[in-house]
There are 2 protein chains.
Amino acid sequence: MSELHWQSALYQLRSQIISGELLGGTKLRASHLAEEMGLSRTPIGEALIKLEGEGLLIRDKSGFTVRSFALEEVFDAIDLRGLLEGAAVQKAAQKGVCESDLGKLREMLLQFDSIIDQANVSEYDPLNLEFHLFLTSLSESEILIAEVQRSYRLPFAGPSSFPTQQSDSERFKASLMLGQQHHGQVVSAIANREGSRAFALMCEHARLAHQNVYAAIEARERSPQLALVKNAG
Amino acid sequence: MSELHWQSALYQLRSQIISGELLGGTKLRASHLAEEMGLSRTPIGEALIKLEGEGLLIRDKSGFTVRSFALEEVFDAIDLRGLLEGAAVQKAAQKGVCESDLGKLREMLLQFDSIIDQANVSEYDPLNLEFHLFLTSLSESEILIAEVQRSYRLPFAGPSSFPTQQSDSERFKASLMLGQQHHGQVVSAIANREGSRAFALMCEHARLAHQNVYAAIEARERSPQLALVKNAG
DNA sequence: TTTAATATTTCTGTATGCAAAATGACAGAA
DNA sequence: TTCTGTCATTTTGCATACAGAAATATTAAA
């Protein structure tokens, strides 16, 4: 566990930003944060630099500011994730995937089925993340894998970062089932070596997340996560 | 210019890595670099963290190591750039570009023509970079713009990072002309609002860079830049 | 009152000190 | 030889000190 201090500061700050606990536009003062977290400014500074690299902070001539995202930018981030995941599965499909990996994919599909059947929401997100990461890894491209994971850190872009507990649970379940439909089609596209089909499917799959963002806004659930979205009222 | 110290360390180190002056696998010791550059370890550390974020360094439990790239990864990086630039021009084409921006694009095409005509190589790279950046900016997506620029920092992935002064100058000129052909087609695709055509063209355009890498290897020019590519002999 | 100039406080950027961890060398055992 | 455990050296991670820049408060003038 011997977690480095800057890492814990990084996780803490990142989750505070993405969750909307730290509002867009907030100026982050290293000395203040240091005192607050019981550390010195050095590891805090390291975390801030990394968050700047992730695009969550902006560094003006003096200090870091929490970035706020226009709604359009949230969609751009989601599309970016789809584009990168799409490129990954396209590459996987083109180069072909061994039978044991295909088996693992199909097994995960079955797990999805049973989770959705039982409306077992709490188990969905971790499995979904694992599935997306595994799909990406099949590209066997370090660079693509890294970029995909990077895109997950943009607000709302991660495959499991949409506000759960949607008010309209009927609609929610329908969205899950459509997603599951996509999952199955992508696996078949990979198995059939249909690269461009796999690409298109992943792009479209990511766009499901647009719906979730809209749903959250329309329902005015005012999920605190939406606090970092400009003009989202 | 009051350049911050960590920035100059960043530029210096990055160019040393990409140029191959610092070989892949080299361990970077902050204390040593600090003494070498006449600074303390703090700004050096900041530069190292940023380079890690750019994917040029790997951080193991103690210290940073220069990453070496397999040839396959260099191609992946080039393709990634094409993918991102492609997404940017697709977006630009779909949303439409105002006449004055189209005019600027066409004017740049003319400049390319005269540069290629006169084989004025030294002016080509800056104009090419400007052209690619301007194309990307037309997407008006902060996130895409940032990611495209990020991809430029990967080895050989930048639009102007291929080894100039190719031995076979005939072939070199032919490659420039093909690139210019692409440029013109992309501009027309944008003007005609043909998004997917623009996307495909940018992907293909990036692939020209594959040829340049191959040419450099085959000609065994042993451009020092190739030193960070594993098994490139 | 509003505005301009100035003083004060706060914070960042950088340097450096220190403890703990990692690396490497070397001696001895298998 | 090869492996292993100890010790010395190096280097990192974090804390802290300090100068200078930025932000803020304060005062003076219009």
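Letters go in sequence order (proteins before strands), and every chain restarts at 1. When reading the values below, keep in mind they use all heavy atoms of this one structure, side chains included, and skip hydrogens, waters and symmetry mates.
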Give the table of side-chain donor-acceptor pairs shorter than 3.5 Å for residues 5-15 of chain B, with sequence neighbours excluded, one pair per line with atom names and distance.
unit_1	atom_1	unit_2	atom_2	d
B:Ser8	OG	B:His5	O	3.1
B:Arg14	NH1	B:Glu54	OE1	3.0
B:Arg14	NH1	B:Glu54	OE2	2.5
B:Ser15	OG	B:Gln12	O	3.2

Pairs under 3.5 angstrom only: tabulate donor-acceptor contacts from the side chains of residues 133-140 of chain B to other protein residues two or more places apart or in another chain.
unit_1	atom_1	unit_2	atom_2	d
B:Thr136	OG1	B:His132	O	2.9
B:Ser137	OG	B:Phe134	O	2.7
B:Ser139	OG	B:Thr136	O	2.8
B:Ser139	OG	B:Ser141	N	3.2
B:Glu140	OE1	B:Lys95	NZ	3.2

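The nearest whole Å value for the distance from the CD atom in A:Glu35 to the P atom in C:dT12 is 13 Å. D:dC14 atom P lies 12 Å from atom CG of A:Leu10, rounded to whole Å. A straight line from CD1 of B:Ile44 to P of D:dG13 spans 14 Å, rounded to a whole angstrom. For the pair B:Met37 CE and C:dG13 P, the interatomic distance rounds to 18 Å; values are reported in whole Å.
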I'd like a list of close polar pairs between nucleotides 14-16 of chain C and the protein, N/O only, cut-off under 3.5 Å.
unit_1	atom_1	unit_2	atom_2	d
C:dT14	OP1	B:His5	N	2.8
C:dA15	OP2	B:Ser40	N	2.6
C:dA15	OP2	B:Ser40	OG	2.5
C:dA15	O5'	B:Ser40	OG	3.4
C:dA15	N7	B:Thr42	OG1	2.7

Mind listing the N/O atom pairs, protein and nucleotides 19-25 of chain D, below 3.5 Å?
none

Each nucleotide N or O in nucleotides 5-9 of chain D that has a protein N or O under 3.5 Å away: list the pair and distance.
none

**Request:** Determine, step by step, whether A:Asp79 and B:Lys91 satisfy the salt bridge (charged side-chain N to carboxylate O under 4.0 Å, His left out) criterion, reporting the C-alpha distance in whole Å, the side-chain angles of both residues, the deciding distance to 0.1 Å, and the verdict.
**Result:** CA-CA 11 Å; A:Asp79 291 340; B:Lys91 197 157 209 269; over 6 Å; no

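One finds a side-chain N or O of A:Ser31 lying less than 4.0 angstrom from the OP1 or OP2 phosphate oxygen of C:dT12.
Residues that satisfy the side chain to side chain contact (heavy atoms under 4.5 Å, CB included) test with B:Leu127, not counting sequence neighbours, are B:Met108, B:Gln111, B:Phe112, B:Ile115, B:Glu130. Scanning for side-chain hydrogen bond (donor to acceptor under 3.5 Å, both in side chains) contacts around A:Glu147 gives B:Arg150, with sequence neighbours left out. For A:Arg29, there are no side-chain hydrogen bond (donor to acceptor under 3.5 Å, both in side chains) partners two or more places apart in sequence or in a different chain. Take B:Arg67 and apply the side-chain hydrogen bond (donor to acceptor under 3.5 Å, both in side chains) test, not counting sequence neighbours, and it matches B:Glu73. Considering only residues two or more places apart in sequence or on other chains, B:Glu142 meets the side-chain hydrogen bond (donor to acceptor under 3.5 Å, both in side chains) condition with none of them.
Scanning all heavy atoms of the two residues, the minimum distance from A:Ile18 to A:Arg153 falls at CD1-O, 3.4 Å.
As judged by a 4.0 angstrom heavy-atom cut-off over every strand, B:Leu48 is placed among residues making no nucleic acid contact. B:Leu28 comes within contact range of the sugar-phosphate backbone alone, with a heavy-atom separation under 4.0 Å but no base atom that close. Note on B:Ala30: only backbone sugar-phosphate atoms sit closer than 4.0 angstrom, heavy atoms only; bases stay farther off.
Residue pairs that meet the ring pair (Phe, Tyr, Trp, His ring centres under 6.0 Å) test with at least one member in residues 73-105 of chain B, sequence neighbours left out, are B:Phe75-B:His210, B:Phe75-B:Tyr214. For residues 34-46 of chain A, the set of pairs meeting the salt bridge (Lys or Arg N to Asp or Glu O under 4.0 Å) definition, not counting sequence neighbours, comprises A:Glu46-B:Arg59.
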